[in-house]
2 protein chains.
Amino acid sequence: MRAEKVTSVDVARRAGVSQSAVSRVFTPGASVSPKMAEKVLKAAQELGYRPNVLARSLITGRSRIIGLVVAYLENQFYPDALEKLSTALQAHGYHILVFMVSNDDAGVDKVMGELLDYQVDGIITASVGMSNALAARCAAAGVPVVLFNRGQDDERLNQVTSNNFEGGRKIAEFLVAGGHRRIAHIAGWSGSSTGRDRQSGFLAGLNAAGLDITRCIDGMYNRETAAAATREIFSGNERPDAVFVGNDHMAFAVMDVLRFELKLDVPGDVSVVGYDDVPLASWPAYDLTTLRQPSNRMVEATVSTLLGWIEEGSNDVQKIQIDGPLMIRGSARIPEGWPDERL
Amino acid sequence: MRAEKVTSVDVARRAGVSQSAVSRVFTPGASVSPKMAEKVLKAAQELGYRPNVLARSLITGRSRIIGLVVAYLENQFYPDALEKLSTALQAHGYHILVFMVSNDDAGVDKVMGELLDYQVDGIITASVGMSNALAARCAAAGVPVVLFNRGQDDERLNQVTSNNFEGGRKIAEFLVAGGHRRIAHIAGWSGSSTGRDRQSGFLAGLNAAGLDITRCIDGMYNRETAAAATREIFSGNERPDAVFVGNDHMAFAVMDVLRFELKLDVPGDVSVVGYDDVPLASWPAYDLTTLRQPSNRMVEATVSTLLGWIEEGSNDVQKIQIDGPLMIRGSARIPEGWPDERL
DNA sequence: CTTCAGTTTGCATACGTATGCAGAAAGTTC
DNA sequence: GAACTTTCTGCATACGTATGCAAACTGAAG
């Protein structure tokens with residue numbers, strides 16, 4: 001059962017050339033004559049030789065591995081992003097090494113150490129923060145980091161997010177224009193920049209119309225917490241007539257509670273707006289009005305930033321914010337004559 | 001910006017010992033005196049040394065990387081499994097390298113080559129098949145493979161699935177007991193063992209009651225295809241009164257079409273049963289009756305099989321089938337006095 | 001203090017590849 | 001065909017670690 005590894009030396013012997021020649025044939029851009037290439041490729045073919053990426057990385061200092069740190073995949077936004085990131089990176093010859101982590105500093109630090117052990121060429125964190133000590137270590141190790149869908153005040157960390165403040169503001173504007181006056185917010189986790197920015201944008205939007213948030217509870221980006229918050233907010237008799245929920249994943253829970261527990265009509269009794277536009281949001285069962293995070297463009301920006309650092313030695317830190325449209329669907333009252341922003 | 005890597009040699013110099021000593025301190029089970037360990041660990045601590053996993057793998061022949069090949073993450077079953085697999089493997093010091101792949105032989109073969117380049121210690125494929133040539137290559141390379149949620153007739157490939165035949169049969173029994181007589185099937189992709197087994201189990205169950213499948217279309221595990229199939233099957237006037245859908249992901253599409261396009265009541269007009277029991281199935285918006293694939297136990301079986309091959313040199317091929325219960329919810333008529341199998 | 005077994009250490013080498021350097025071959029120009 | 005330039009090849013070495021082997025040390029028993 002034990003494998004006999006075939007190495008570049010074996011190929012060299014068979015082709016009657018030196019090991020360096022074999023290496024050069026498999027190194028793009030190296031200098032080899034056509035007939036050398038042919039001889040070597042033939043021998044390699046016959047033996048089933050393929051270069052050992054790990055051994056190569058030892059010399060070149062490049063592993064072609066990107067570490068992805070992610071806290072949970074329950075929210076559909078993340079598997080979707082993971083799929084797109086992986087596909088995009090694969091096209092450039094990189095692959096993703098996954099690190100699941102509990103979303104606290106200790107967990108992240110521990111895992112990040114393991115990550116560096118693998119000599120990753122770059123790190124993407126999806127909605128996970130980093131301690132300063134850690135950011136320093138990555139910088140010291142020369143490993144570029146991109147925070148995907150999470151901002152953080154650190155001069156060393158690239159980040160790609162949607163324009164969360166503006167998104168929150170847009171949603172406020174939309175709800176106000178729809179005639180809502182008692183507006184609640186089930187917020188994204190206050191420990192995250194996304195949660196905070198969406199909330200402050202939302203608040204700014206309401207304030208601009210002379211309104212305030214009627215009721216606000218942190219939903220922790222968690223389905224159960226959001227459901228409990230909904231019960232709390234909507235079971236009294238002074239209930240709001242609209243709610244902005246910090247992401248779609250929680251918004252589904254909110255709608256389920258409103259409809260199936262509290263027997264309220266959405267959007268008749270309550271308008272619900274989410275954030276993300278995950279695929280499920282467009283399914284008729286929810287038909288959720290939500291602010292789209294343009295994951296394609298976010299992924300694109302993430303990949304090009306990362307590859308810029310890795311391959312072109314770039315070192316200017318990017319803080320990229322991408323605007324997304326409000327996807328108007330059936331879960332919230334549509335203001336008279338509101339322009340349809342859909343793509 | 002370039003990093004000064006700290007190596008075992010640096011640590012050795014600082015601690016005033018040999019490089020081998022350092023190596024031994026970081027190799028579990030090697031022979032080192034307590035005071036040597038202390039000296040080395042202190043020096044390592046001060047320099048921030050951590051062993052280079054890649055260099056280590058060159059010597060030991062173990063990379064502590066498991067390759068995961070997966071076709072798409074849209075169906076919630078897979079991110080869920082990925083999360084659990086990754087967490088379980090991490091606990092054993094392994095990590096998952098992700099390979100997204102289009103579900104055809106050419107795509108799989110190409111990607112699998114890249115996979116072997118990384119010297120992975122094992123391979124898990126999630127609902128993806130392998131050509132025989134490929135299975136042979138993995139066997140030759142001594143890399144164990146586990147097919148997760150996919151069976152295949154190959155003596156060299158481990159596999160872990162739910163008991164799809166029995167699951168299909170149970171569902172037939174359930175629907176028949178519910179008084180349904182015109183029963184349709186939107187099948188899982190006929191190119192997959194899961195799809196075929198569920199279908200034949202279902203058929204066997206119906207036959208046992210003297211019934212047959214009224215109408216059957218391959219839904220390709222694809223939302224759009226399943227939706228189209230639903231329109232096809234249910235828009236005529238001789239419509240079935242129940243449908244078994246090959247997985248939950250398609251079942252949601254089917255319910256959406258039935259309710260929102262065809263204005264049929266579920267389960268009043270049509271009973272719908274799915275397969276998988278993804279988290280979404282239990283959300284009230286769908287409240288889908290479905291056969292649970294016990295992903296926890298499937299993951300556990302996958303991990304222990306894989307580690308058995310890798311660490312204990314096991315070489316008996318496992319073909320594991322795990323039974324799952326029918327989760328009875330609100331999308332299908334419940335037969336009088338039917339025992340509740342829920343956990 | 002000697003002997004001997006057991007433990008700990010350093011030396012040297014190996015893993016599979018890439019690359020600087022110098023020499024060989026091939027091509028160009030007169 | 002000589003002189004020169006360009007392209008190609010092999011030699012040697014390096015990357016960071018683990019491990020067999022023999023030497024050095026430790027401690028116990030006599």
Side-chain angles (χ1 to χ4, degrees), chain A residues 2-41 43-44 47-65 93 116-121 141-142, chain B residues 2-41 43-44 47-65 93 116-121 141-142:
Chain A
R2 208 55 241 144
E4 52 282 356
K5 304 255 174 207
V6 25
T7 75
S8 58
V9 177
D10 301 326
V11 177
R13 191 173 310 132
R14 173 162 196 134
V17 302
S18 73
Q19 180 269 327
S20 359
V22 177
S23 168
R24 275 187 262 263
V25 171
F26 285 92
T27 305
S31 149
V32 228
S33 70
K35 69 170 181 288
M36 164 71 80
E38 192 196 0
K39 257 195 304 190
V40 169
L41 286 174
L47 295 176
Y49 168 77
R50 305 205 46 163
N52 179 333
V53 176
L54 268 36
R56 172 180 283 175
S57 81
L58 199 52
I59 282 282
T60 61
R62 300 216 172 302
S63 60
R64 307 200 80 81
I65 297 178
L116 294 174
D117 296 348
Y118 279 93
Q119 313 298 114
V120 293
D121 288 343
Chain B
R2 208 53 243 146
E4 51 283 354
K5 306 254 173 206
V6 24
T7 76
S8 59
V9 177
D10 301 325
V11 177
R13 192 173 311 134
R14 172 159 198 137
V17 301
S18 74
Q19 180 269 328
S20 358
V22 178
S23 168
R24 274 188 263 262
V25 170
F26 286 91
T27 305
S31 149
V32 227
S33 69
K35 69 169 181 288
M36 164 70 82
E38 193 195 359
K39 257 195 304 188
V40 168
L41 286 174
L47 296 176
Y49 169 75
R50 305 203 47 161
N52 179 333
V53 178
L54 268 36
R56 172 178 285 173
S57 80
L58 199 52
I59 284 281
T60 61
R62 299 216 172 301
S63 60
R64 308 200 78 82
I65 296 178
L116 294 174
D117 296 348
Y118 280 93
Q119 313 297 115
V120 293
D121 289 343

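Per chain, numbering begins at 1; letters A, B, ... match sequence-line order. From a predicted model like this one, the values you see are computed outputs, not experimental measurements.
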I want to verify a distance call: between [options], whose nearest atom is closest to the [X] side chain?
X	options	value
A:T27	D:dC8, C:dT9, C:dA18	C:dA18
A:V32	D:dA18, D:dT9, C:dT17	D:dT9
A:R56	D:dT7, C:dA18, C:dG10	C:dA18

Full working for side chain to side chain contact (heavy atoms under 4.5 Å, CB included) between A:V22 and A:V17: CA-CA 8 Å; A:V22 177; A:V17 302; 4.2 Å; yes

Between D:dT17 atom C1' and B:D10 atom CG, what is the distance in whole Å? 13 Å

Nearest whole angstrom, please: distance from the P of C:dT17 to the NZ of A:K5. 10 Å

With a cut-off of less than 4.0 Å, is there a side-chain N or O of [X] near OP1 or OP2 of [N]?
X	N	result
A:S33	C:dA25	no
A:Y118	D:dG16	no
B:S8	D:dT17	yes

Could you go through the side chain to side chain contact (heavy atoms under 4.5 Å, CB included) check for A:L54 and A:Y118 one step at a time? CA-CA 10 Å; A:L54 268 36; A:Y118 279 93; over 6 Å; no

Please tabulate the protein-to-nucleotide N/O contacts below 3.5 Å involving nucleotides 11-15 of chain C, giving atom names and distances.
| from | atom 1 | to | atom 2 | distance (Å) |
| --- | --- | --- | --- | --- |
| C:dC11 | N4 | B:S20 | OG | 3.0 |

If every non-hydrogen atom of B:R62 is compared with every non-hydrogen atom of B:D121, which pair is closest and at what distance? CA-OD1, 3.4 Å

To the nearest 0.5 Å, tell me how far A:D117 CG sits from B:R56 CZ. 8.5 Å

With rounding to the nearest 0.5 angstrom, report the NZ to CE distance, A:K39 to A:M36. 5.0 Å

